[in-house]
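Below is one structure, written out as structure tokens; comments come after it.
Below, each value reflects all heavy atoms present in this structure, side chains not excepted, and no hydrogens, waters or symmetry copies.
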Amino acid sequence: MGGCFSVAGDVRGGMEAVGGGGGGRSHGGAAAAQQGGPNDAVDHFFEARGLRGLYTPVELSFSATKLRNMDAFSKSDPMLVVYTNINGKLEEIGRTEVILNSLEPSWITKATMSYQFEIVQPLIFRIYDIDTKYHHTPVKILNLSQQDFLGEACCNLSEIVTKFNHSLTLKLRSDCGHGLHGTLTVHAEESDSSRMAIEMTLHCLNLENKDVFSKSDPFLRISKLVETAGPIPICKTEVVTDNLNPVWRPITLTSQQYGSKDNPLLVECFDFDSSGDHELIGAFQTTITQLENLYTSKSGANFYSHKGQRKMKGQLFVDKLQEKVQHTFLDYISSGFELNFMVAVDFTASNGDPRIPQSLHYIDPSGRPNSYQQAILGVGEVLQFYDTDRRFPAWGFGAKTQGHVSHCFNLNTATNDCEVVGVEGIMSAYTSSLYSVSLAGPTMFGPVINKAAEIATQSLQYSNNKYFVLLIITDGVLTDIQETKDCIVRASDLPLSILIVGVGNADFKQMEILDADNSKRLESSTGRIATRDIVQFVPMREVQGGPISVVQSLLEELPGQFLQYMRTRGIKPQQQALPGHASAPICPPQQ
């Protein structure tokens, strides 16, 4: 969802800043520049080019204790091999060096990989005692079947990065799963470069006027020039209306976006047109280093035609440029911040009788999960590692319970508590509810969104280290679309994101309106504009079988939404974990 715009096709792009922070309209001048707050710098445009989701480079380092001694006259000579499990197949990530005569090795060689939030990344670590005759053989070509096996350990990458010190100690086991003597400690270190960012305030003077009856409405687009792919947009400013001397709100570019300071960038200035047919005012090629020089010299950069053949009117100036450390998603998560998972399931009659195979709620005796179960399992298996108590609120809506239709009832019908334990608890409560309620209707999101918002609001009374994620799975067309918009706009100020999965063959155009991926934020019935985009919608039928899974599509924007909430409120990662801190009661028993 989301997309990189073309010059002629930005009718969906709107007038807000994207990718470099900022937002809304500006009317120029110094005041406009001062209004800008912290920026999320989410890789919005990269996702549209297939570079989707949150990719964070991490280095894994390893140490072990109390390894088995396999040598008669000396100690073992251990080497570690790291694998990841992709679709049931082991793929080797890397090997450490061999450490001679040690049962307590701390290897220097690290394994580098990309942490990807929206998928589960299983890791397998195997330790071998390298035979003396192979000590001069490069580790990359060692035949592991010829070495003594000292033990293995397994975990998911998310289990490591969510620890306060990014370290996880695992007990070694045999290849048959039996416990062995010894432990392995894995430490994950996020690349410092992923934290570095450049914040800039830009303005132009004497731009060429492209409008007849008013002045131009300029905005800037900054792209990274890639030899094999051409210009890849990484941010655009907001539009400054009716102004030939615009001052834009501060923008922030992360090192992940611009690469190195000497990587070529393309800066383009356009006159905004609501039709999407924006007219080029001028462009020039530069680098972060050259922009730094513009700032220190207080000089301006000239604009040129697209091919650089003709000098255009107007110049760009850099009013402010500073390097700063920008806290990352992993900085927050490893310091005690949590993602609290919630789920709401559509029990309206349009799903079909659960007893017949054609129903979207049919429970297949063979164990094959239906669409609702697939969504719960997929999202839950990723998010469960970011929630320490793994107690998840679970609701249903659109069913008849106790003689009347309810649009927010607890799936856990055995108690009055809305929480269940673990993903398996959600699955069990969902299955039980199918036989204890009657499918009805209509389809309404308002009550479950309000319930989630109430929980998020309550949590703020205790701490600001919880962020809530509501998964709504539905098959139908909303009957309360305006009420739903109002609920989402109100919730946009809260630590809450909403994921919506559309199952079945219904017309889901309404859902696409709720998912403000066109950069036009939702507006309530009273005219209030959403503070930020908190909704991600994915129709299951359009994603299944493609290169990106439903879960990846759903979760790819979540880290950015989390960061935007934290940064715009000035909430910083905690300096130390807070075990035993007070937490809000999630769901008081219903009367």
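Looking at E190 and T328, their side chains do bring a donor and an acceptor atom within 3.5 Å of each other. Counted by atom type alone, Q482 and D486 present one or more donor-acceptor pairs between their side chains at under 3.5 Å. Under 3.5 Å, the side chains of Y467 and S497 contain a donor-acceptor pair of N or O atoms.
Between the side chain of E118 and the main chain of E556, no donor-acceptor pair closer than 3.5 Å is present. Side-chain N or O atoms of H361 include one that pairs as donor or acceptor with a backbone N or O of D346 at under 3.5 Å. The main-chain N or O of T531 is found under 3.5 Å from a side-chain atom of R521 such that the two form a donor-acceptor pair. A donor-acceptor pair under 3.5 Å is absent between the side-chain atoms of R390 and the main chain of V421, judged by distance alone. Side chain of Q384 to backbone of G422: no donor-acceptor contact under 3.5 angstrom is found. The main-chain N or O of A506 is found under 3.5 Å from a side-chain atom of R541 such that the two form a donor-acceptor pair. No donor-acceptor pair under 3.5 Å is formed between the side chain of N464 and the backbone N or O of K466. N410 contributes no side-chain N or O that, together with a main-chain N or O of W395, makes up a donor-acceptor pair within less than 3.5 Å. Checking side-chain atoms of N412 against main-chain N and O of A429 turns up no donor-acceptor pair under 3.5 Å. In this structure, the side chain of R221 does not engage the main chain of K236 through any donor-acceptor pair within 3.5 Å.
Just one residue in the list Y332, F329, F562 forms a ring pair (Phe, Tyr, Trp, His ring centres under 6.0 Å) with F117, and that residue is F329. Under the side-chain contact (heavy atoms from CB on, under 4.5 Å) rule, Q373 has a single partner from I363, V345, D364, which is I363.
Nearest heavy atom pair, residue T443 against residue G476, reads OG1-CA, 4.2 Å. The minimum heavy-atom distance between L499 and V469, with the atom names listed, is CD1-CG1, 3.6 Å.
Between L383 and L558, some side-chain heavy-atom pair lies under the 4.5 Å cut-off. Side-chain contact check for T348 versus D475: some heavy-atom pair is nearer than 4.5 Å. A heavy-atom distance below 4.5 Å is not found between the side chains of I119 and L555.
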**Message:** For a side chain to side chain contact (heavy atoms under 4.5 Å, CB included) check, start with the C-alpha distance between I426 and L377, then their side-chain angles and the critical distance, and finish with the verdict.
**Reply:** CA-CA 9 Å; I426 302 176; L377 282 170; over 6 Å; no
**side-chain hydrogen bond (donor to acceptor under 3.5 Å, both in side chains) between E338 and T388, intermediate numbers included** = CA-CA 7 Å; E338 294 189 357; T388 53; 2.5 Å; yes
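Taking the six-membered ring where the residue is Trp, F341 and F392 present perpendicular rings, their angle passing 60° and hence far from 30°.
Checked against a 6.0 Å centroid threshold, the rings of F397 and H407 do not count as neighbours.
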